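Along the sequence shown, the residues carry numbers beginning at 1. No experiment lies behind these values; they were computed from the predicted model shown.
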Amino acid sequence: MATVTLKDITKVYDGGVLAVDKANITVEDQEFVVLVGPSGCGKSTTLRMVAGLEDITSGELRIDGKLVNDVPPKDRDIAMVFQNYALYPHMTVYDNMAFGLKIRKFPKDQIEQRVKEAARILDIEELLDRKPKALSGGQRQRVAVGRAIVRKPKVFLFDEPLSNLDAKLRVQMRAEISNLHNRLQATMIYVTHDQVEAMTMADKIVVMKLGLIQQIGSPMDLYTNPVNKFVAGFMGSPPMNFLNLTIEKEGSDILAAEKTFKIKLTKKQAARLKDYVGKDVVFGIRPESLEFVEEAIPDVTINAKVTIIEPLGAETHIYVNTEEHQMIGRIEPTITLHIDQDIFLKPNLEHVSFFDMDTEEVIV
């Protein structure tokens with residue numbers, strides 16, 4: 001397989017629209033890298049530049065060490081799986097999968113071997129004589145992936161391949177693509193707006209916003225150590241809670257306060273936030289880091305009122321209001337609460353983040 005290196009890759013469209021700004025990404029050999037971010041963040045444009053479907057305005061793109069900025073897509077030894085599958089409706093599944101090999105003049109017996117091998121891997125052997133209109137969405141997706149597999153390319157590119165599938169099938173195909181990566185030991189670059197897909201599939205995640213890379217790291221690194229408020233809020237479902245709190249000093253203690261509660265900070269947090277005394281900061285805490293407790297504990301618990309209860313079987317999500325904010329918590333399904341109930345939540349201070357109000361960069 002191959003490494004893919006993007007060095008200061010920039011894309012500017014006609015009219016001066018900056019789509020991607022100096023992207024620096026290294027995809028190691030056999031690595032599964034996911035580009036994730038909201039619509040318009042530049043992730044698909046980045047993928048299309050790797051594929052050769054978009055011209056690169058500036059920067060260097062290398063595949064296996066070779067500069068490929070001006071190399072045509074057909075000569076880059078990549079295969080791309082599109083969101084809309086891009087199957088030929090008049091061809092059978094077999095012919096769709098074999099088409100790329102036929103135009104490259106592969107021998108007939110080699111084409112048959114590769115197509116049948118890919119069909120076996122994807123469990124679509126019984127579909128080879130069908131046309132795309134006779135297939136379900138999940139089957140079409142498998143055919144599109146199979147068409148890429150038969151090429152045995154250096155790099156697989158996936159552009160939101162699961163977005164047209166229903167929720168249950170998305171989960172199934174997610175697992176299948178991850179399994180495929182493990183079996184093929186291939187280099188894969190995958191684009192999605194769904195952070196759950198990114199978290200569950202990636203070896204490494206690239207989070208993008210407005211054409212800029214925000215953070216690159218393993219799924220758990222991004223989840224537990226976000227560099228800014230955007231990454232913290234984007235990664236995780238339900239998302240991180242954000243509260244604008246004022247940093248106060250009482251004796252030797254540093255606290256984060258709202259109108260009806262105060263939270264005494266740890267020594268490490270107090271040391272980092274001592275210069276913020278009298279100022280507001282963003283307090284970020286994930287739903288699972290809020291523990292339901294029976295009684296208020298001064299300088300420890302958050303006072304809140306329950307507004308929505310969502311039982312999900314293995315856990316329950318509760319939406320609560322404080323004096324100034326709304327939060328989501330995850331609690332055990334055995335805990336019985338009711339709407340408008342006043343409750344107390346104890347934040348796990350080992351798993352919270354503080355962000356600067358102006359820069360939104362992490363403080364601690």
Side-chain angles (χ1 to χ4, degrees), residues 19 32-54 73 78-100 115 118-119 121-151 153 155-184 186 188-202 205-209 219 234-237 239:
F32 195 127
V33 171
V34 177
L35 309 183
V36 68
S39 297
C41 72
K43 57 189 184 297
S44 287
T45 300
T46 301
L47 192 78
R48 290 174 65 83
M49 285 191 285
V50 174
L53 302 177
E54 293 279 2
I78 54 95
M80 189 158 177
V81 179
F82 294 92
Q83 179 178 350
N84 62 357
Y85 319 137
L87 301 178
Y88 296 107
H90 63 287
M91 292 185 184
T92 64
V93 167
Y94 182 97
D95 289 333
N96 264 284
M97 292 172 65
F99 184 73
V115 170
I121 289 171
L122 294 165
D123 195 23
I124 54 173
E125 292 166 290
E126 74 282 3
L127 306 179
L128 291 175
D129 294 328
R130 294 192 194 178
K131 299 261 181 86
K133 67 180 179 181
L135 305 178
S136 68
Q139 290 169 335
R140 290 178 194 175
Q141 185 59 73
R142 284 190 182 91
V143 175
V145 172
R147 187 174 54 188
I149 290 174
V150 298
R151 294 263 312 281
V155 183
F156 288 84
L157 307 178
F158 295 85
D159 189 9
E160 305 217 31
L162 308 185
S163 58
N164 290 338
L165 305 179
D166 63 61
K168 184 178 179 181
L169 196 51
R170 270 205 309 272
V171 173
Q172 180 185 336
M173 286 299 298
R174 209 163 67 201
E176 289 186 11
I177 291 174
S178 294
N179 186 45
L180 184 67
H181 173 252
N182 293 331
R183 292 179 68 175
L184 298 179
M188 294 184 173
I189 307 176
Y190 187 105
V191 161
T192 180
H193 63 274
D194 185 339
Q195 54 83 25
V196 174
E197 275 182 34
M199 289 285 293
T200 54
M201 299 173 77
I205 296 175
V206 180
V207 182
M208 299 184 70
K209 175 189 177 187
F234 195 83
M235 304 305 295
S237 179

Is a donor from one side chain sitting under 3.5 angstrom from an acceptor on the other, for Ser163 and Gln83? yes
Which pair of heavy atoms, one from Val115 and one from Val150, lies closest together, and at what distance? CA-CG1, 3.8 Å
Is Arg170 reaching over with its side chain to a backbone N or O of Leu165, donor-acceptor style, under 3.5 angstrom? yes
Nearest non-hydrogen partners of Leu135 and Arg140, listed with the distance: O-NE, 3.3 Å
Is it the case that the side chain of Thr192 and the backbone of Asp194 share a donor-acceptor pair, with hydrogens and angles ignored and the cut-off at 3.5 Å? yes
Answer yes or no: is there a side-chain heavy-atom contact under 4.5 Å between Phe234 and Pro38? yes
With distance as the sole test, does Gln195 use its side chain to make a donor-acceptor pair with the main-chain N or O of Gly236 at under 3.5 Å? yes
For Gly146 versus Ala118, what's the shortest heavy-atom pair and its separation? O-CB, 4.1 Å
Kindly indicate whether the side chain of Val143, heavy atoms from C-beta on, has any atom under 4.5 Å from the side chain of Met97. yes
Side chain Asp159, main chain Phe82, donor-acceptor under 3.5 Å: no
Would you call Leu180 and Ile149 a side-chain contact if the rule is heavy atoms closer than 4.5 Å? yes
Could you tell me whether the side chains of Tyr190 and Glu160 share a donor-acceptor contact shorter than 3.5 Å? no
Test Leu35 against Thr46 for side-chain contact (heavy atoms from CB on, under 4.5 Å), laying out the working first. CA-CA 9 Å; Leu35 309 183; Thr46 301; 4.0 Å; yes
Atom pair CG (Asp123) and CD (Gln139), whose distance is rounded to the nearest 0.5 Å: 10.0 Å
Supply the atom-to-atom distance Asp95 CG to Lys131 NZ, rounded to the nearest 0.5 angstrom. 9.0 Å
Short question: side chain of Arg174, backbone of Ala198 - any donor-acceptor pair under 3.5 Å? no
Is any side-chain heavy atom of Leu47 closer than 4.5 Å to a side-chain heavy atom of Ile189? yes
Backbone N or O of Met188 within a donor-acceptor pair of the His181 side chain at under 3.5 Å? no
If you round to the nearest 0.5 Å, how far is CZ of Arg183 from CD1 of Ile121? 5.0 Å
Can you name the closest pair of heavy atoms from Met201 and Ile177 and give their distance? CE-CG2, 3.6 Å
Are any side-chain N or O atoms of Lys43 and backbone N or O atoms of Gly37, one a donor and one an acceptor, separated by less than 3.5 Å? yes
Measuring only between side-chain heavy atoms, which start at C-beta, is Gln141 closer than 4.5 Å to Pro161? yes
Using the ring of each side chain (for Trp, its six-membered ring), is Phe158 parallel, tilted or perpendicular to Phe156, with breaks at 30° and 60°? parallel
Any heavy-atom pair between the side chains of Met235 and Met199 that's under 4.5 Å? yes
Write down the atom of Ala148, the atom of Pro153, and the distance for their closest heavy-atom approach. O-CD, 3.5 Å
Spatial distance of atom CG (Leu157) from atom OG (Ser44) [nearest 0.5 Å]: 11.0 Å
What pair of heavy atoms forms the shortest contact from Ala51 to Met80, and how long is it? CB-SD, 3.8 Å
Qualifying residue for side-chain contact (heavy atoms from CB on, under 4.5 Å) with Arg142, from Ile124, Val93, Leu127: Ile124
Any donor-acceptor N or O pair under 3.5 Å, side chains Asp129, Thr92: no
